Every structure is written in structure tokens, then in C-alpha cells.
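Below you'll find the structure, written out as C-alpha cells, and then a few comments.
Note that this is a predicted model, so its numbers are computed, not measured. Lettering follows sequence order; numbering is per chain, from 1. Below, each value reflects all heavy atoms present in this structure, side chains not excepted, and no hydrogens, waters or symmetry copies.
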Amino acid sequence: MKLHVDWNKRHAEKRELSPESLAKVNELMTHVPEGKHKSALIRVLHLAQIEFGWLSIETMDYVAELLKIQPIEVYEVATFYTMFHLDPVGKHVFEVCRTGPCMLVGSDDIISHIENKLNIKVGETTEDGMFTLKTAECLGACGYGPMLQCRHKNHEFLTKDKVDELIDAYRSGQFES
Amino acid sequence: MPIDQANLNPKYMKGRKLLIEQVNIPGIETFDVYRKNGGYRSVDKAIKTMSPDDVVEEVKKSGLRGRGGAGFPTGMKWSFLAKPEGVPRYLVCNADESEPGTFKDRYLMEHLPHLLIEGMITSSYALGCNLSFIYIRGEFMWILHILEKAIAEAYAQGYLGKNILGSGYDLDLRVMPGGGAYICGEETALIESLEGKRGNPRIKPPFPAVKGLWGCPTVVNNVESIAAVVPIVNDGGDAYAQIGIGRSTGTKLISASGNLARPGVYEIDLGLSVEEFIYGDDYCRGMANGKKLKACIPGGSSVPILPHYLVTKTAAGEDRLMTYESLSDGGFATGSMLGSGGFIVFDEDQCIVRNTWNFARFYSHESCGQCSPCREGTSWMEKVLYRLENGQGNLRDIDLLAEINKKIEGNTICPLGDAAAWPVAAAIHHFREEFEWHVTNKEESQTRNFGLSKEPVGA
Ligand SMILES: Cc1cc2nc3c(=O)[nH]c(=O)nc-3n(C[C@H](O)[C@H](O)[C@H](O)COP(=O)(O)O)c2cc1C
Ligand code: SF4
Ligand code: FES
């Protein structure tokens, strides 16, 4: 459960979704019965986050306009689901699974290794704005742990060496999406 | 230490493979290859030769029980669906797969997306639905794209859309993502989420079968349950029911994780012995690095943990089997549950207190916050367990946990509260000595682990 939200930090310039994403939004509206377009909300928030990196209040208001619902309906949802970043984040967000099965195979060590390597703590972003480190609860890869997810991509069977390679690969733009 | 992942070639695995037989055929994720290998036969058969009720009847005969965790008979659930005139009804596939230890639905959808889509069409036909949904956890976004691609193929081939196979039956199928919330695996929270809201479970009754999605009658079924409808319709419910033992019929996907030599997803015949599953060459091949087995959680994080002496044998000394009945033999005192088949194995170097704390933190994090006993109770449990794990606890804390447990149990809207409480109770029941050692040997508990627990005398 998320507890406290500091709304003051959560503003950014208003931007519009790309034409491709807007076309997707329109398509999604046709996937549900007449008048039930609110159902598309979570998918649209994902689209917005992919384009803008995180969800500012301006972005959420914009999504509300798109779906013709009240801004509060968007805030309610965006604050409930853990995938949505309500604060600015780095270019690449590492979300490392910390739950039981991953812990049994060494996720704690992986988390502290990343902390040391990037010189940040969980929840923080590197000074160059390249990486944010977060932890996540079970991501459905328990037999393939330790693992992390970055922008909808899984990296599994992690070792410290693999993490080092991964960081280099992200730094050099190998995983640009 | 390179991990030997479960061999992805099911041919080398013992037992029948009703679901994952074709997983290694190149291109099986495409409509053409899937179709060439016998795909969509169940749709042909159901729509052309069976009435919707015939399909329900076969599923009843098969004895299939829900694979999402609760094990409720699927055919019976289907027959409870209300059918008021002029009101649409919905089938929703639960692909939230968020129970720690479970990663089987993902395996099916990644490798055999058309199997799920075929199951959805056949099942929607049986239930009389014209619009069905697959609700998939947001963290599986790449699988959502795999499914959308496969769905587009099925539309193009006339298996979805208007007038399927010229029968007059119409069906639209859509995939909707979640946003990262374990609770959305609970069916009423899932429905709320599908409506574009927070995943707050609803008070039951009314059950979804009467009032579900947008207030209409709705069936929610797990991915694996829906996929199993395909072999059931193809070969008949009786053939399916011949596999397994008693009321545990058919095959089951097991997600094996933890300190095993070969973790991964396995399809087993229900009734396989736990011993063979853990140590057999066709399955997990024993513990990683030759360690000893300390404990096992056989059905996902919400089910009770079993100490090493109750894993392969029941308290009565009988072989423990991979069935709903055998795994629960002895109730919560000496048994556990098959649950979702999330089979988590601990070696002798693992700390039960730390693990119990870790799962308590999970439930506290994932509580939706609607009911005070769950919201407050899970976070208290997390704090108390954290204290114990870090050498700051006292003996009274162990009883305090039991008290918090009692306050949560049965006092909440949805079963998440119980799912958080019971595993803590089971861990204390079986590993009390280890919890006490963390209090009496505070410093030592920070430098080494307790090791295996002793088998109680006379057990
Ligand atoms: C907290 C909680 C989480 C759940 N998570 C899942 C899940 O991730 N996947 C699933 O299929 N069922 C899950 N369930 C069970 C569903 O509520 C529901 O019983 C199931 O989807 C029914 O399908 P089945 O009868 O085919 O098993 C969960 C239940 C609870 C209480
Ligand atoms: S038991 Fe917990 S998760 Fe379930 S409705 Fe209550 S607060 Fe929410
Ligand atoms: S516990 Fe890490 S993916 Fe499931």
C-alpha cells in the first residue's frame, strides 16, 4: 500500500501523446461496450508512461481529458498501482524482485551490488539521470531468479557479473526502446 | 553457479503433456503452425457438433478444478452463471499470475498463446459470451503483445469476430493489462481493475456469477483452467478424468522455484509423488549444490509451509502425493495445499524467520487497505517479524504474532488477510524453536542460520 504522496513535486510541462499512441487510445475505446471507456485507463496510463517516463499531474489531467473522466478518477488509479511512477525517474528504471523465491537465490546480494555499483540506494536516481533503482514484489519469474525488470523487459538468472554487463549495456544504449 | 533450467523439451519429461506437448515446435506461436499441429480442433468440434450445454457437461465430467489456487470445480462454477434475458455475460481470464512462486501461466502464454485463445473461444461459446477478456498483469507487457498478435491472427482466420465458422456465433476477445497489484488476482478486485478502477475487492455476495463485470454475470477463470478446456473438449471429459487420483483429475502445471537443481515449469499427472517430483531425473533433480532440504511451500506463498519431515511423507507416514487431497492431509497442522502449484523449496542454509518476514512484508505491501484487520495487521506482523529477524525481538513477540493472526483471520472482505496470516501461523507452528533461537541467541542469529529443525518426538 502506498501511503504518502507529496503532490508538490509532481508537476511537469503538459505534453501530448504521439499520433501512434493516440490512435491506439482510440482503438482501445472500441474494445469495450459503449460508455465503458474508463476500462482503457490502465492501458492508457502505461502508454503515457512509456512516452513521458513518469506520470505528472499534468499528464494525468491530460489522460482524464482523453478518456472524458474526472481527474480524480485517474489519480485514484495511478496512485494504487505500483508500476506507475509518480515522481520523475531516471532514463532506465531497474526494478529488482525482492520476494521470497528470488531472495532464496540471492536477490538481496543483487540489490546491494547494484546499490554499490551505481552509488545510490533503493528509490534513488543516479546523478546523471541514467538509472533509478527500485525494488518490486514477485514479478512472475520465480524459477529464473534473481531477476530485474526494466521498461517491460526481464533480465533473469542474474549474477553480479551479469549485472555489471547489463549496466554497461544500458549505458551504451544497447537496450533503447 | 550456472542454473540448469527445466529442460524445455517436454518429450523428455515423464507423464502426459496435455498442455505443453507442442511447446518446442518452431513457430508454434503462429496461427498456421499451431493449426497444422491440430490447433483449434476444439472450437471446430464445439461449434459444429455440440451445444453450449454439451461443452459444460464435458467440463463437469472431466473433474477439472480451478488452477488459479482455490481448486473449485470449473464445470460447477460454469453452471452457476446466471443467464437473465437480454443481459450480456462475460468470461474473464485471470492472467494476473501474482502469487509468489507461480510463473506457469506466463510460460503457457509466452510459448502457446493460441492454446489460451482457443480455450477462450471454446469456453466463451459454452457460456454464451460474446465479449471476453484476458486480464494480464501489467508487468507481462511483452506477453500482452504476443497475445494481441495471436488474437489478430485468429480474427483474420475467422475464429474470432462475427459469425465464427459460419455458425452465427459472434465473439470478441480483448486483452487488458493491470498496473502492478497482487490483489488484482482476486477475482472481484480483478473485475474492478478491468473497469478502470483501483483493485479493491468487493463484498460477496453478490458473486460475480450473478453480478460481475459492469454488473453483469461473469465467470473468472485462471489461464491454465481455460487452456485445459481444449484437451477436455478434444478427447472428452472422461478421458481427462482418467488421469490423476480421486477428485484430483488431469494434469497440472507446477512452477518449481527456490533451491532446486532444476527449477522451472513442469506439467505433471496429478498423483505423482512429491518425492519423485523433487528428486526424480525427469523433474527437479533434487536440491541445488547437494544441500539438504529444509522446508517446502508447495502451493504458492499463501499456503502453509511444511518442514522437511512432512514434505515427502504425511504425518501418518504415507507418501505425500501431488494432489489437492494429499497435500492438504492433516489440515493446517501438518498439511498444506496444492494452491496454484507454486512449489518453493528451501535448503538447509535458509532462515525461516527471514523468509516469514519477507512474505509478511509482501502482504503488507499488497494489502489494498480497505479492511483495518488486514491493512494494520499485516503491517504489524511485518514489523514484529522484522524485529525478530534482526535480533531485537523478545519471546512475547511470538505469541503476539499469533494474536494478530487471530484478529485478521475471517475478519476481512477478501482472502488476502487469511493468506497473510496462515503462513505465519504455520511457520511458527513448525519452526517455533528457530523463532525462539532468534530471541535467545540474538547475536549468533545475526551471523549464522539455525539449520534444520528436529523432527518432533512421536510425530
Ligand atoms: C489475494 C488473491 C490473489 C489471487 N491471485 C490469483 C492469480 O494471480 N491468478 C489466478 O488465476 N487466481 C488468483 N486468485 C484466485 C481468484 O480469485 C479466482 O479464484 C480464480 O481466478 C478462479 O479461477 P479458477 O477457478 O480457474 O482457478 C487469487 C485470489 C486471491 C484471494
Ligand atoms: S482483506 Fe486486505 S486485500 Fe482483501 S479487501 Fe481487505 S484490506 Fe483489501
Ligand atoms: S519471487 Fe521474484 S519473480 Fe517471483
Side-chain angles (χ1 to χ4, degrees), chain A residues 1-3 28 30-33 35-47 49-50 67 69 73-84 95 97-108 135-145 147 149 151-154 156-157 159, chain B residues 2-3 5-6 88 97-103 105-106 131 137-142 172 174 176-182 184 193-199 214 255-260 263-265 297 301 342 344-347 350 354-355 358-359 361-362 364-369 375 379:
Chain A
M1 216 183 45
K2 284 195 206 164
L3 291 175
L28 290 171
T30 66
H31 286 183
V32 289
K36 309 294 184 204
H37 49 265
K38 184 175 171 179
S39 283
L41 176 55
I42 294 176
R43 184 78 184 272
V44 175
L45 288 175
H46 282 299
L47 289 173
Q49 181 158 295
I50 289 171
L67 294 179
I69 54 180
E73 297 179 84
V74 182
Y75 306 160
E76 275 184 341
V77 164
T79 53
F80 184 83
Y81 296 95
T82 53
M83 287 181 79
F84 299 123
E95 303 196 67
C97 172
R98 65 178 191 183
T99 313
C102 277
M103 186 177 75
L104 292 177
V105 291
S107 60
D108 287 349
T135 52
E137 297 295 351
C138 180
L139 292 170
C142 325
Y144 321 134
M147 63 82 64
Q149 184 168 90
R151 180 66 79 91
H152 307 309
K153 192 172 173 48
N154 272 15
E156 300 171 340
F157 299 110
T159 59
Chain B
I3 297 170
Q5 196 187 348
E97 186 142 86
S98 42
E99 172 88 354
T102 316
F103 47 103
D105 298 338
R106 162 188 168 182
L131 174 59
R137 63 180 300 178
E139 295 94 334
F140 286 171
M141 198 54 84
W142 78 95
D172 283 309
R174 306 298 179 192
M176 308 278 256
Y182 166 65
C184 292
S193 182
L194 204 50
E195 293 180 2
K197 302 190 225 148
R198 296 166 77 94
W214 301 310
S255 322
S257 69
N259 309 118
L260 288 162
V265 176
I297 300 179
S301 63
I344 311 167
V345 172
F346 299 69
D347 72 21
Q350 303 299 338
R354 185 167 183 78
N355 189 73
N358 181 296
F359 281 138
R361 179 178 67 178
F362 171 84
S364 159
H365 184 266
E366 299 300 331
S367 165
C368 85
R375 180 188 62 239
S379 94

* Asked: Sequence neighbours excluded, which residues qualify as side-chain contact (heavy atoms from CB on, under 4.5 Å) partners of B:S255?
  -> B:T102, B:F103, B:K104
* Measure B:L194 against the heavy atoms of chain A and call it side chain, backbone, both or neither at under 4.5 Å. => backbone
* Can you measure from CZ (B:R375) to SG (B:C368) and round to the nearest 0.5 angstrom? => 9.0 Å
* To do: For chain A, find which of B:G342, B:S193, B:A256 contributes the most heavy-atom pairs closer than 4.5 angstrom.
  => B:S193
* Asked: Looking at B:F362 and B:S98, what are the two nearest heavy atoms and their distance?
  -> CZ-O, 4.0 Å
* Largest heavy-atom contact set with chain A, pairs under 4.5 Å, which of B:S301, B:P88, B:G178 -> B:G178
* Structure fact -> Answer key: most heavy-atom pairs under 4.5 Å with chain A among B:S257, B:G179, B:G180 is B:G179
* Can you name the closest pair of heavy atoms from A:R98 and B:R361 and give their distance? -> CD-NH2, 3.1 Å
* Asked: What do the steps show when you test A:R151 against A:I50 for side chain to side chain contact (heavy atoms under 4.5 Å, CB included), and what is the final call?
  -> CA-CA 8 Å; A:R151 180 66 79 91; A:I50 289 171; 4.2 Å; yes
* Contacting region of A:Q149 [heavy-atom separation from chain B under 4.5 Å] -> side chain
* Asked: Side chain, backbone, both or neither: which part of B:R106 has a non-hydrogen atom closer than 4.5 Å to chain A?
  -> side chain
* Verify side chain to side chain contact (heavy atoms under 4.5 Å, CB included) between A:T82 and A:E95, making sure each step is shown before the conclusion. => CA-CA 11 Å; A:T82 53; A:E95 303 196 67; over 6 Å; no
* To do: Measure the spacing between NZ of A:K153 and CH2 of B:W142 and express it to the nearest 0.5 Å.
  => 9.5 Å
* Asked: Which one of A:P101, A:C142, A:C102, A:C138 has the most heavy-atom pairs closer than 4.5 Å to chain B?
  -> A:C142
* Asked: Which region of B:Y182, side chain (C-beta onward) or backbone (N, CA, C, O), has a non-hydrogen atom less than 4.5 Å from a non-hydrogen atom of chain A, or is it both or neither?
  -> neither
* After noting the C-alpha distance and the side-chain angles of A:F84 and A:I42, does the key distance pass the side chain to side chain contact (heavy atoms under 4.5 Å, CB included) rule? -> CA-CA 10 Å; A:F84 299 123; A:I42 294 176; 4.1 Å; yes
* Asked: Based on non-hydrogen pairs under 4.5 Å, which of A:L67, A:N154, A:L41 is most in contact with chain B?
  -> A:N154
* Identify which of B:A181, B:P100, B:G258 forms the greatest number of heavy-atom pairs closer than 4.5 Å to chain A. => B:P100
* Identify which part of A:H46 has an atom lying under 4.5 Å from any heavy atom of chain B, answering side chain, backbone, both or neither. => side chain
* Sort out for me which of A:A136, A:C97, A:G140 touches chain B most, counting heavy-atom pairs under 4.5 Å. => A:G140
* Structure fact -> Most contact-rich option vs chain B, by heavy-atom pairs under 4.5 angstrom, among A:I69, A:L28, A:T99, is A:T99
* Distance only, no hydrogens: is a donor on one side chain within 3.5 Å (strictly under) of an acceptor on the other, for B:Q350 and B:N355? -> no
* B:R137 versus chain A, the contacting section by heavy-atom distance below 4.5 Å -> side chain
* Engaged part of B:E139 at the chain A interface, taking heavy atoms whose separation is under 4.5 Å -> both
* **Value rounded to 0.5 Å, distance of SG in B:C184 from NZ in B:K197** => 12.0 Å
* Derivation and outcome, side chain to side chain contact (heavy atoms under 4.5 Å, CB included), residues B:R354 and A:D108 -> CA-CA 12 Å; B:R354 185 167 183 78; A:D108 287 349; 2.8 Å; yes
* To do: Under 4.5 Å heavy-atom distance to chain A, tell me which part of B:F359 shows up: side chain, backbone, both or neither.
  => side chain
* Which answer fits A:L104, side chain, backbone, both or neither, if we ask what part of it has an atom under 4.5 Å from a heavy atom of chain B? -> both
